[in-house]
Amino acid sequence: MKNLKSFPFERNRYFYGKLLSVEDFETEQRYFNDKRRTINRFLFGSGVVCGLGVVEVDDESISVERGLALDFAGREIVLDEPAVRKITELEGYGSEQEADYYYLCLEYQEEAAELMHNVTGTAGRNSSEYNKYKEGYRLFVTQEEPEREIFSPSRLYEERKVVYYGQGVRICQVLPRFLEMGKDSVLRVEIEYLGQQEISFEYELDLSFLTSGEGSRVRVCFQENAQEKAKRYLMEIPIKAAGVPDVQAEASLAEGSFRLQIGGREYTDANKCVSQAAVTSLDSYEAMQKQYYKTAMDYIVGNTFQQGIYLAKIQVVRAGDICLIEHIEPLPFGQKIMHTEISTAMIGRLAEDVKMLKQAGLMEAAGKKGEAEEKPLRAAYGEVIFEVGQMRAGEVLYSDEIVHGLGFGPVTIELSYEVDNGFAGDSHMMFGDASLFQSQSGFTASLGAKLEPAQGTFEIGMRIVKNGNAKRVRVHWTALRNEVQKPQSAKKKHIFIQPDNPNVFVGESVVFTAVLEGFSDDRLKWKVKDNNGGTISKNGKYTAPETPGIYHITVSSSAYPKVQASTFVVVREKE
């Protein structure tokens, strides 16, 4: 019963006279076990369902409380009574190791039980067999992180990357998996350090489709305060997603920028850390839901490798052969299952909060937003910088090809510009025909854009009308697509013929009916495509010829000639 593969499902087919073998009875058990475990894994996930708290009994012992968990294969792990263990007696403990922590893990385990006589036993064969499998569990400790990404609720909405791990220090950066285009968000840096010496570190992140402040590079600095020393620290870095949907944003560790100071020593061997997020026009909840339903099957089926549930991280202090418990952190990787009762309670609580806000008049803005649920416009925006320091009046500059991110087809491009003279010149923005203000400005230009609808790109052109002492010009662009007011012809139109592929005898008739979808103009043209294949009236009444065969019938719309449908009629000889 240690099979980790549930598919395909097979069950016994019984019939009178069937000889049932050991394999048949095992198939019977495996079918129902696999069905139940599949439901467990796909509907509920893996992790702690309830209980299984880890508490300190004394300086050297822990107790795992009664509880239930589901493992990566949907198998139930039940502790029906507390399990008290000494750290040094747990499987995986090594006295020669120098680590100051252990992960306490729980795994499903079953073993054969109840030895009994085998009535078919003969000389040369074992006359005893185990009568049952006893389901149980295995507790062990390890210093290893999970080899692959394990499931936890946070995996759905954020990505955690380790920047540095060693010398008792762990530095992680956490980025939301989904960012709404043009919206502000936060990149978290989490620091865990249990040593006594002060630490500090710094590194730089290169941002792609992200900005922090005004730039595409951000410097991360941390200095531990000896007066406020703690085991965990949290930094939050404000970021903003690009105004272009359906792109992959990245925050990657700049090569050679990492410096960690512990006491008087410096460490520079950081991981090649790249945090990624999808920039989308949906809000984060909608994007998360869409992605989950798209990939859940592949993820769950592809992660059936043996792995334990990490119940706790136990900080220890060693004194010779003695191992003393200093601190216990429950569920360090968040492996827990949000079951129905908690979810229902949370939804009910949220409903009460919304009701209170409405009564307090604080939901007016949200109500107005709900009334305009259908968004008429999609937008994307960005900027291009032109170097104009050596340019004269009459010269023309062109940008590189720009992907606006709104898909293919027509969009509207709006342009404006501002002059940057190192904050010493003009700071106003110009829209439309800037030549109207030529006498009031030291720099004047005209802008244009060339759209490539089939490519989803455009190009910006700028003609210098007047140039004083301008050095750089920043051109702002906004792309707009109307998602609501689509022409009637853009709707999908179909014709379906009923009955489909009918059978008739020679000389007999059948009436075809056309079902219209996407339009209401019922002017139709019926046609028999085969010569001597019979006749069909303008109302769809078909009369078969005197010759048996298979004949092709078509119908098309008079208003929309490209909207067509076809079927075949089988004409048979009369018996």
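On a predicted model such as this, the values are computed, not experimentally measured, just so you know. Atoms considered below: every heavy atom in the structure, side chains included; atoms not considered: hydrogens, waters and symmetry mates.
Between the side chain of Y560 and the main chain of Q564, no donor-acceptor pair closer than 3.5 Å is present. Not one N or O on the side chain of D206 forms a donor-acceptor pair closer than 3.5 Å with the backbone of S252. Without hydrogens or angle criteria, E329 side chain to K313 main chain gives no donor-acceptor distance under 3.5 Å. A donor-acceptor pair under 3.5 Å links the side-chain atoms of Y417 to the main chain of A445, judged by distance alone. Side-chain atoms of R41 come within 3.5 Å of backbone atoms of F72 as a donor-acceptor pair (strictly under, hydrogens ignored). Checking side-chain atoms of E224 against main-chain N and O of I199 turns up a donor-acceptor pair under 3.5 Å. No donor-acceptor pair closer than 3.5 Å links the side chain of S556 to the backbone N or O of P561. Judged by distance alone, with hydrogens and angles left aside, the side-chain atoms of S212 form a donor-acceptor pair with the main-chain N or O of P238 at under 3.5 Å. S566 contributes no side-chain N or O that, together with a main-chain N or O of T554, makes up a donor-acceptor pair within less than 3.5 Å. A donor-acceptor pair under 3.5 Å is formed between the side chain of N467 and the backbone N or O of V388.
Looking at heavy atoms from C-beta onward, I553 lies in side-chain contact with V528 at the 4.5 angstrom threshold. At least one side-chain heavy atom of Y398 sits under 4.5 Å from a side-chain heavy atom of E459. Between F222 and M235, the closest side-chain pair of non-hydrogen atoms falls below 4.5 Å. You'll find the side chain of I550 stays beyond 4.5 Å of the side chain of V569, heavy atoms only. Side-chain contact between S185 and I239 is present, with at least one heavy-atom pair separated by less than 4.5 Å. Considering only heavy atoms from C-beta on, L516 stays 4.5 Å or farther from V563 through its side chain. Between L451 and V411, some side-chain heavy-atom pair lies under the 4.5 Å cut-off. Contact of the M462 side chain with the V396 side chain is not registered, since no non-hydrogen atoms from C-beta on lie closer than 4.5 Å.
Note on ring orientation: taking the six-membered ring where Trp is involved, the planes of Y164 and F258 are parallel (angle under 30°, cut-offs 30° and 60°). Below 30°, between 30° and 60°, or above 60°: for Y103 and Y310 the angle between ring planes is above 60°, a perpendicular geometry.
Nearest heavy-atom pair across P499 and T567 is O-OG1, 4.4 Å. Here the shortest heavy-atom pairing between S416 and M429 reads OG-CE, 3.4 Å. In plain terms, the two heavy atoms of I337 and F44 that are nearest each other are CG2-O, 3.3 Å. What you find for I495 and A565 is that their closest heavy atoms are O-CB, 3.2 Å. Between E159 and S275 the shortest heavy-atom distance is OE1-CA, 3.4 Å. Contact detail for G182 and K240: the closest heavy-atom pair is O-CE, 3.2 Å.
With values rounded to the nearest 0.5 angstrom, S46 atom OG is found 13.5 Å from K336 atom NZ. Rounding to the nearest 0.5 Å gives a distance of 8.5 Å between CD of E180 and CD of E286. In this structure, F386 CZ and M391 CE are separated by 10.0 Å, a value rounded to the nearest 0.5 Å. With values rounded to the nearest 0.5 angstrom, T444 atom OG1 is found 9.5 Å from I464 atom CD1. Between I171 atom CD1 and L260 atom CG the span is 5.5 Å, to the nearest 0.5 Å. A distance of 10.0 Å separates CG in L175 from CD in E250, rounded to the nearest 0.5 Å.
With a 6.0 Å radius and a threshold of 12 heavy atoms from other residues, nucleotides or ligands, K466 has its NZ atom above the threshold. Around CD of E144, the count of heavy atoms belonging to other residues, nucleotides or ligands within 6.0 Å does not exceed 12. By the 6.0 Å contact criterion, CD on E255 is open, its count of non-hydrogen atoms from other residues, nucleotides or ligands being 12 or less. Counted within 6.0 Å of CG on D269, heavy atoms from surrounding residues, nucleotides or ligands total more than 12; the atom is thus considered enclosed. Annotation: R217, atom CZ; neighbour count of heavy atoms from other residues, nucleotides and ligands within 6.0 Å is above 12.
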Steps toward side-chain contact (heavy atoms from CB on, under 4.5 Å) verdict (V163, N271): CA-CA 5 Å; V163 178; N271 297 327; over 6 Å; no

I497/V555 under side-chain contact (heavy atoms from CB on, under 4.5 Å): CA gap, chis, key distance, verdict: CA-CA 8 Å; I497 299 177; V555 62; 3.6 Å; yes

Take K527 and I536, measure what side-chain contact (heavy atoms from CB on, under 4.5 Å) needs, and give me the verdict at the end. CA-CA 7 Å; K527 183 179 180 180; I536 190 167; 5.5 Å; no

When you look at Y551 and F568, which way does the ring pair (Phe, Tyr, Trp, His ring centres under 6.0 Å) test go after all the steps? CA-CA 6 Å; Y551 302 103; F568 292 90; over 10 Å; no

Start with the C-alpha distance between F443 and V465, add both sets of side-chain angles, then the distance that settles side-chain contact (heavy atoms from CB on, under 4.5 Å), and finish with yes or no. CA-CA 8 Å; F443 176 90; V465 177; over 6 Å; no

Go through the steps to decide whether E414 and H476 satisfy the test side-chain hydrogen bond (donor to acceptor under 3.5 Å, both in side chains), and finish with yes or no. CA-CA 8 Å; E414 296 182 355; H476 301 271; over 6 Å; no

Start with the C-alpha gap between E158 and R177, add the side-chain angles, then the distance that decides, and say whether salt bridge (charged side-chain N to carboxylate O under 4.0 Å, His left out) holds. CA-CA 5 Å; E158 63 185 19; R177 287 191 178 272; over 6 Å; no

Set out, in order, the CA-CA distance, both residues' side-chain angles and the distance that settles salt bridge (charged side-chain N to carboxylate O under 4.0 Å, His left out) for R188 and E236, then state yes or no. CA-CA 5 Å; R188 301 199 316 271; E236 293 188 345; 5.8 Å; no

Check step by step if side-chain hydrogen bond (donor to acceptor under 3.5 Å, both in side chains) holds for T457 and E401. CA-CA 6 Å; T457 63; E401 191 175 50; 3.1 Å; yes

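Take R523 and apply the salt bridge (charged side-chain N to carboxylate O under 4.0 Å, His left out) test, not counting sequence neighbours, and it matches D521.
Exactly one of L397, I402, D400 qualifies for a side chain to side chain contact (heavy atoms under 4.5 Å, CB included) with V384. That residue is I402.
Between the side chains of Y203 and Q173, at least one donor N or O lies within less than 3.5 Å of an accepting N or O.
A salt bridge does not link K493 with E517: every distance from a Lys NZ or Arg NE/NH1/NH2 to an Asp or Glu carboxylate oxygen is 4.0 Å or more. Between R219 and E202, at least one side-chain N (NZ, or NE/NH1/NH2) sits under 4.0 Å from a carboxylate O, which counts as a salt bridge. Between R170 and E190, none of the side-chain N atoms (NZ, or NE/NH1/NH2) sits under 4.0 Å from a carboxylate O, so this pair counts as no salt bridge.
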